[in-house]
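Atoms within each ligand, like the ligands themselves, are counted from 1 in listed order.
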Amino acid sequence: MTKPRLAVLISGQGRNLQAILDAVADGRIPAVAAGVISSRADAAGLPRARAAGAPALVVAHTDYAERPAFDAALAAALERLQPDIVALAGFMRVLGDDFIRRFRGRMVNIHPSLLPKYRGLHTHRRVLEAGDAEHGASVHYVTGELDGGPVAIQGRFSVRPQDNEEILAERVMRDIELKIYPQALAWMARGELRLAQERLLFRGRELVAPLTLAELEPEFR
Ligand code: GRF
């Protein structure tokens with residue numbers, strides 16, 4: 001069986017990207033790293049991609065006056081990678097409907113909140129302001145609405161009195177994101193997780209609630 005081709009879209013640091021590339025390299029994600037596209041030329045994730053031997057390219061949003069033109073250029077660059085799976089990993093541009101329709105069912109995103117809570121930016125600050133007892137991150141299919149779309153897996157932890165914005169950001173990244181994203185992509189690459197119409201299927205059954213940290217396989221913990 002040929003491995004699915006995985007493309008990753010980034011804009012910044014690329015810590016999620018690194019975890020994904022590591023899991024591809026050691027075989028935990030049974031996919032080919034088809035390429036990495038950044039919306040910024042200075043993204044720290046680009047050298048990570050090159051170091052892993054994955055094609056790394058830039059489609060800079062600043063080169064396009066209008067969003068449709070940027071979306072079209074990005075879609076063209078992405079199509080050239082012939083991806084079966086598209087992972088948005090800290091990709092900070094809002095994508096238009098045409099783009100989303102084109103990659104629907106094969107595109108997922110990671111978001112640093114317990115969706116549907118706190119779509120958009122500054123999630124850690126908003127959790128603290130609301131006095132929430134729990135926080136976490138979610139991997140969801142990209143279907144239209146910003147940070148909407150069915151959630152496949154969500155990892156959570158209890159907020160502690162000493163947590164500030166910075167600490168929460170690090171806990172979400174290290175304890176949740178870097179585990180659930182490679183795991184979700186592994187499931188997708190194996191064909192165990194997929195979107196059928198509006199419904200999420202996991203190992204042939206409809207997922208009625210997101211998977212949790214309890215479902216992580218040992219190699220992703
Ligand atoms: C992550 O917190 C992700 O959830 C959000 O942007 C951040 C990306 O960080 N969408 P990195 O580029 O993976 O280091």
Check each of Ser11, Ala137, Gly90, Gly14 against atom 12 (O) of ligand 1 and report the one with the nearest heavy atom.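 The residue whose heavy atom sits nearest atom 12 (O) of ligand 1 is Gly14.
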
Tell me which protein heavy atom sits closest to [atom], plus the residue, atom name and distance to 0.1 Å.
| atom | answer |
| --- | --- |
| atom 10 (N) of ligand 1 | Ile110 O, 3.3 Å |
| atom 14 (O) of ligand 1 | Arg15 N, 2.8 Å |
| atom 5 (C) of ligand 1 | Pro112 CD, 3.9 Å |
| atom 9 (O) of ligand 1 | Met173 CE, 3.4 Å |

Side chain or backbone of Met92 under 4.0 Å from ligand 1, or both, or neither, by non-hydrogen atoms? neither

Taking side-chain hydrogen bond (donor to acceptor under 3.5 Å, both in side chains) as the definition, give me every residue that meets it alongside Arg48, ordered by chain and number, with sequence neighbours left out.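 With neighbours one apart ignored, the set is Gln18.
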
Can you find an N/O atom of Asn109 closer than 3.5 Å to an N/O atom of ligand 1? no

Any side-chain donor paired with an acceptor under 3.5 Å for Ser158 and Glu134? no

Does any donor atom in the side chain of Tyr181 or Asn109 lie under 3.5 Å from an acceptor atom in the other side chain? no

Is there a side-chain contact between Phe157 and Leu168 in this structure, where contact means two heavy atoms from C-beta onward sitting under 4.5 Å apart?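 A side-chain contact exists here, since the closest heavy-atom pair is under 4.5 Å.
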
Under a 4.5 Å cut-off applied to non-hydrogen side-chain atoms, are Arg104 and Leu195 in contact? yes

With a 4.0 Å cut-off on heavy atoms, is Ile10 in contact with ligand 1?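 The answer is no, since Ile10 has no heavy atom less than 4.0 Å from ligand 1.
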
Ligand 1 contact by Gly45, heavy-atom criterion under 4.0 angstrom: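 Gly45 does not count as a contact of ligand 1 under the 4.0 Å cut-off.
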
Between His140 and His111, is the ring centroid distance below 6.0 Å? no

Out of Ile10, Leu74, Leu46, which one pairs with Ile37 under the side-chain contact (heavy atoms from CB on, under 4.5 Å) rule? Leu74

Show me which atoms of ligand 1 lie under 4.0 Å from any heavy atom of Glu177.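 Those atoms are 1 (C), 2 (O), 3 (C), 4 (O).
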
